[in-house]
Amino acid sequence: MTVQLRGVLTALATPFAADGSVDVARLRAVVDRSIDGGVHGVVACGSTGEFTALSGDERRLVVETVVDQAARRVPVIAQTGATSTAEAVALSRHAQSVGADVIMPVAPYYEPLSVEETLTYLRTVAGSVDIGVMIYNLPVATGVDLDPDTVGALAREVDNIRYIKNTTIDMAQSAALIHNHGDVLSTFVGWDTLLLPALVEGAAGVMAGTANVVPAELVAVYDAVQAGDLEEARRVWARVHPLLDAIMNEPFIAAVKAGMAAVGFPIGVPRAPVAELDPDAVARITKFAKELQVSAPSTAATTNGTVRRAASGRLLAQGDLPPGQHFIGGAFRPGRFGTAIDVVDPSSATTIAQVAEGTVEDTDLAVAAAKAAQAGWGRLTPKERSEVLHKVADRVAENADLLARLESANTGKPTAVAQDDVAQTVDTFRFMAGALRAPTSAAAGKYAEDHLSVILREPLGVIGVVTPWNYPLLMAAWKMAPILAAGNTLVIKPSEQTPLTTLKFAELVADILPAGVVNVVTGYGPVVGSRLAEHPDIAMIALTGSVRSGRAVAQAAAASLKRVHLELGGKAPVVIFEDADLAAAATALRAAGYWNSGQECGAACRVLVHESVADEFTKALVDEVSSMVVGEPGAGDDVEIGPLTSKAHFDRVTGYLERAAAEGVRAAVGGGALPGDGYFVAPTVLVDVPDGAECAREEIFGPVITVETFTEEDEAVNRANAVPYGLSASVWTNDARRSHDVASRLDAGTVWVNAHLVLANEVPWGGFKGSGYGRDLSIYALDDYSRTKHVMHNVAR
Ligand code: NAD
């Protein structure tokens with residue numbers, strides 16, 4: 001295409017992978033970030049792009065990648081010089097052949113040419129291609145300062161020389177180019193801090209390395225000047241200038257990369273021989289970046305910076321949705337008042353269904369139905385109840401695909417997570433169907449003289465169940481399966497945000513379970529949940545949810561002294577000792593910290609790593625997280641991170657990230673929301689976390705891991721325990737004695753050694769302290785949902 005360059009052109013930085021090679025995936029993300037920021041062109045292999053450190057093949061690879069990724073959205077300029085004339089010609093022809101729009105052959109850096117030799121070099125290279133050519137005046141590196149008239153004459157002589165990038169701080173020189181040679185040359189300044197003065201002077205634009213850092217701000221300055229709104233241009237300029245200045249005052253390549261990290265878009269450090277910045281310089285750049293508030297959620301991004309969207313956009317077909325009504329006494333019924341709650345797809349923020357807004361009266365009807373059904377259900381023999389539960393498991397398995405799609409549509413879960421939820425749901429019913437036939441208890445026997453003791457396990461009666469939105473179907477199954485196995489009936493209130501799979505489950509098993517055994521009332525916690533907690537005919541209230549809701553139901557339950565079963569929040573510490581397998585830990589945390597987008601009460605979210613291995617571990621973790629795929633469910637089986645489940649929760653998580661940034665905590669990767677529709681937050685690793693920081697203390701419940709360091713084992717244990725939660729934890733060490741000892745000292749209901757978030761139906765799940773009490777899964781859940789009765793017979797004769 002014939003292009004006319006103008007505006008803000010990004011001199012793209014080049015990212016390198018851990019093995020030192022050009023990181024093509026991240027380079028694509030760097031291109032996207034600039035284009036998403038509104039720039040008008042991108043430059044491959046400029047000096048910001050470290051072409052001096054790239055081989056000829058790598059330079060070709062970078063140009064090909066940038067052209068491919070830009071995909072004609074903006075023009076691509078390829079820097080093809082700084083080599084022998086023959087190589088510059090070869091690079092230029094290659095750039096033209098793969099689709100670059102303009103070449104920019106800088107004179108060789110390290111072998112100073114005379115002005116005449118430089119002109120010959122430029123003439124030859126320009127003559128080798130048909131596309132436009134930009135002269136790159138960079139005296140600081142080439143040793144030749146091309147004066148405006150010389151350049152003007154060259155442009156008049158050589159047809160395709162149309163642009164100049166003038167990288168000097170001599171504004172008068174740029175002004176001479178603009179005013180005296182504007183008929184043949186468009187002038188771009190190459191000194192980022194001259195952007196506004198140059199534009200006011202009439203320059204075509206700027207070619208800026210800092211456009212990798214703050215593309216949108218530089219574009220805003222350009223746009224304002226174009227619109228004639230100099231006041232607005234000055235306002236934005238005043239905000240962004242201190243950061244540009246801080247970057248321009250440091251070794252430029254490393255400073256641009258430090259700036260990118262400071263705004264939540266880290267792409268690593270320069271390749272040798274370019275040195276990294278010293279920490280003071282990084283701190284200065286970070287400070288100005290923070291002041292500019294570029295770490296704010298709307299601008300931060302993951303390493304690939306984008307959300308992969310599903311091709312078709314629709315997960316559900318006609319007839320997949322359950323009725324949006326309560327399920328009471330074996331049938332769907334409308335709510336008493338006829339009001340409804342919207343159910344939203346968090347990938348697109350669109351309403352996909354409505355369900356009834358339950359009332360106290362609806363709840364009471366459901367409790368009455370459960371009460372009426374309980375005696376019959378409780379009287380079944382273990383074998384009979386077991387067979388029913390096996391049939392339920394079969395029915396769920398037969399509808400696994402439908403349930404997984406419904407769950408993904410309602411929660412945004414990646415397909416793999418939703419499918420796992422359904423598979424675990426099946427296994428939970430199967431386990432309980434088996435376990436209920438092998439009750440455990442003290443043996444009947446004569447424990448007092450002439451008296452025979454018999455210990456009975458009895459159902460509690462009707463149980464009220466309240467579930468959260470993070471695993472709607474699975475958390476319902478964790479409650480329903482043992483509750484039913486133990487001979488109880490139930491009324492369940494799913495989260496008002498995610499009721500679809502619970503209703504679908506009821507619809508699917510309606511012909512298997514006797515009427516009234518399972519009842520579903522949809523609605524809000526303070527109405528339906530609260531009524532269940534206080535209802536006199538409910539024997540126990542079982543809730544999985546936040547500490548706040550746990551406290552509310554425990555208080556409501558107190559009046560009737562009913563039992564309370566609470567699975568609440570968590571803030572799992574991950575204690576990594578110096579002898580641990582760090583690579584294995586980083587790989588495990590990729591799953592354990594970010595499964596279900598981190599909306600997981602057992603998530604490995606708070607790393608405490610020994611200071612001697614902290615850098616090595618953090619780098620390994622950041623590498624893992626940097627390659628995570630963020631996308632909509634349905635955008636591929638490799639999607640690992642979906643959106644957060646609701647706008648309210650999205651606001652909550654991004655609020656934590658904003659406050660962390662304000663506290664001086666740094667995002668080594670991620671750091672905020674991702675652009676586009678839906679509630680997507682970039683997978684994030686927070687470092688430089690001071691002891692006691694909010695982000696390391698409170699449950700964020702999003703794709704965020706914090707990394708803190710420790711020096712002594714006791715300190716690690718004390719800090720791990722110094723939060724109100726006690727749900728789960730992990731210890732990473734190859735020292736067997738230490739692993740036993742530290743595991744025993746961690747105050748958590750589950751402690752993994754050299755693993756995290758591995759669950760099984762045979763073993764209990766539940767917390768200590770603020771994480772609640774009561775156990776899900778295993779025979780301990782069966783115990784929790786039944787009562788022990790001692791019958792003593794006087795057998796004296
Ligand atoms: P939430 O407490 O906001 O809601 C959970 C349920 O409680 C919802 O159905 C809600 O409607 C209901 N509820 C709210 N107020 C209530 C009240 N006053 N009385 C009765 N019910 C009320 O929690 P959430 O945001 O849906 O879920 C996230 C929380 O759940 C996190 O804290 C997470 O750690 C926790 N969680 C814990 C486990 C576990 O096994 N320990 C598992 C999953 C989630």
Side-chain angles (χ1 to χ4, degrees), residues 341 343 346 355 357-358 360 363 410-411 417 421 424 428 464-479 491-499 502 520-535 538 541-558 562 564-572 595-603 605-606 644-653 656 698-702 723-728 748-750 757 759 764-778 781 784:
I341 300 173
V343 180
V355 296
E357 180 184 348
V360 167
T363 312
N410 194 172
T411 62
V417 178
D421 286 6
Q424 295 307 321
T428 302
V465 178
V466 179
T467 50
W469 46 258
N470 60 339
Y471 295 99
L473 180 66
L474 186 57
M475 291 303 101
W478 281 18
K479 303 289 186 224
V491 179
I492 181 168
K493 187 207 85 67
S495 166
E496 57 278 15
Q497 292 159 12
T498 56
T502 306
V520 184
V521 180
T522 52
Y524 293 108
V527 179
V528 179
S530 178
R531 178 61 183 156
L532 289 173
E534 71 186 16
H535 199 295
I538 295 255
I541 179 82
L543 173 134
T544 298
S546 62
V547 173
R548 183 182 37 78
S549 304
R551 212 172 270 130
V553 297
Q555 268 163 5
K562 64 169 54 73
V564 181
H565 190 280
L566 298 176
E567 296 286 0
L568 308 179
K571 185 77 184 174
W595 185 255
N596 205 35
S597 309
Q599 301 167 125
E600 157 64 60
C601 46
C605 55
R606 184 184 175 211
L644 299 183
T645 294
S646 67
K647 172 77 168 67
H649 190 53
F650 170 87
D651 289 344
R652 192 172 161 269
V653 170
Y656 272 115
E698 296 191 10
E699 184 184 44
I700 298 177
F701 219 56
V723 289
Y725 297 106
L727 186 58
S728 63
T750 296
L757 211 60
L759 277 75
W765 177 254
F768 298 152
K769 304 196 296 188
S771 295
Y773 40 80
R775 290 294 173 265
D776 283 335
L777 307 181
S778 79
D784 281 356

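Counting starts at 1 for both ligands and their atoms, following the listed order.
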For A557 and V564, which heavy atoms make the closest approach, and how far apart are they? CB-CG2, 3.6 Å
With no hydrogens and no angle check, is any side-chain donor or acceptor of T522 less than 3.5 Å from a backbone partner on E357? no
Shortest heavy-atom approach to atom 19 (N) of ligand 1 - which of G525, G749, S771, G772: G525
Check: D776 main-chain N/O paired with E567 side-chain donor or acceptor under 3.5 Å: yes
Any idea which protein heavy atom is nearest atom 8 (C) of ligand 1, and the distance to it? T467 O, 3.3 Å
Judged by heavy atoms only, the candidate from G767, A557, G545 nearest atom 29 (C) of ligand 1 is G545
Per-atom contacts of ligand 1 with N470, taking only distances under 4.0 Å to non-hydrogen atoms: 43 (C), 44 (C)
Name the closest protein heavy atom to atom 3 (O) of ligand 1, giving the residue it belongs to and the distance to 0.1 Å. R548 NH2, 3.6 Å
S495 side chain vs Q497 backbone, donor-acceptor pair below 3.5 Å: yes
Could you tell me which residues satisfy ring-ring contact (aromatic ring centres under 6.0 Å, His included) with F701, sequence neighbours excluded, listed by chain and number? W469, H649
Under the side-chain hydrogen bond (donor to acceptor under 3.5 Å, both in side chains) test, residues paired with E698 that sit two or more places apart: Y656
Where the side chain of K493 meets the backbone of V527, is there a donor-acceptor pair that is under 3.5 Å apart? no
Looking only at protein heavy atoms, identify the closest one to atom 7 (O) of ligand 1 and say how far it is in Å. V466 CG1, 3.3 Å
Atom 41 (N) of ligand 1: nearest protein contact (heavy atom, Å): L568 O, 2.8 Å
Contact check: A552 vs ligand 1, nitrogen or oxygen atoms, below 3.5 angstrom: no
Relative to the heavy atoms of E496, which atoms of ligand 1 are at a distance of less than 4.0 Å? 10 (C), 11 (O)
What protein heavy atom lies closest to atom 28 (C) of ligand 1? Include the residue and the distance to one decimal. F701 CE2, 3.6 Å
Below 3.5 Å, N or O to N or O, backbone or side chain included: is there any such pair between D776 and ligand 1? no
Should you measure from each heavy atom of T544, which atoms of ligand 1 turn up under 4.0 Å away? 5 (C), 36 (N), 37 (C), 38 (C), 39 (C), 42 (C), 43 (C), 44 (C)
At less than 4.0 angstrom from any non-hydrogen atom of V553, what atoms of ligand 1 do you find? 19 (N), 20 (C)
Just wondering, are more than 12 heavy atoms of other shown residues or ligands nearer than 6.0 Å to CZ in R652? yes
Taking the non-hydrogen atoms of A533, is any one of them nearer than 4.0 angstrom to ligand 1? no
Closest approach of any protein heavy atom to atom 25 (O) of ligand 1, naming residue and atom: W469 NE1, 2.7 Å
Separation between OH of Y524 and CD1 of I341, rounded to the nearest 0.5 Å: 4.0 Å
Without swapping roles, check the side chain of N470 against the backbone of N596 for a donor-acceptor pair under 3.5 Å. no
Among all protein heavy atoms, pick the one closest to atom 39 (C) of ligand 1 and tell me residue, atom and distance. C601 SG, 3.1 Å
Nearest heavy-atom approach of N410 to T645 is O-CG2, 4.3 Å
Would you indicate which of R652, M475, E699 comes nearest to atom 32 (O) of ligand 1 when only heavy atoms are counted? E699
Residue and atom name of the nearest protein heavy atom (relative to atom 23 (O) of ligand 1), distance in Å to one decimal: S546 N, 3.3 Å
Under 4.0 Å from a heavy atom of W765: which atoms of ligand 1 are those, numbered in the order shown and with their elements? 39 (C), 40 (O)
If we number the atoms of ligand 1 from 1 as shown, the ones under 4.0 Å from a heavy atom of L727 are 41 (N)
Close N or O approach (Y471, ligand 1; < 3.5 Å): no
Is it the case that ligand 1 has an N or O less than 3.5 angstrom from some N or O of S549? yes
Main-chain N/O of R775 paired with D784 side-chain donor or acceptor, under 3.5 Å: yes
Considering only heavy atoms from C-beta outward, does the side chain of L473 approach that of D421 to under 4.5 Å? no
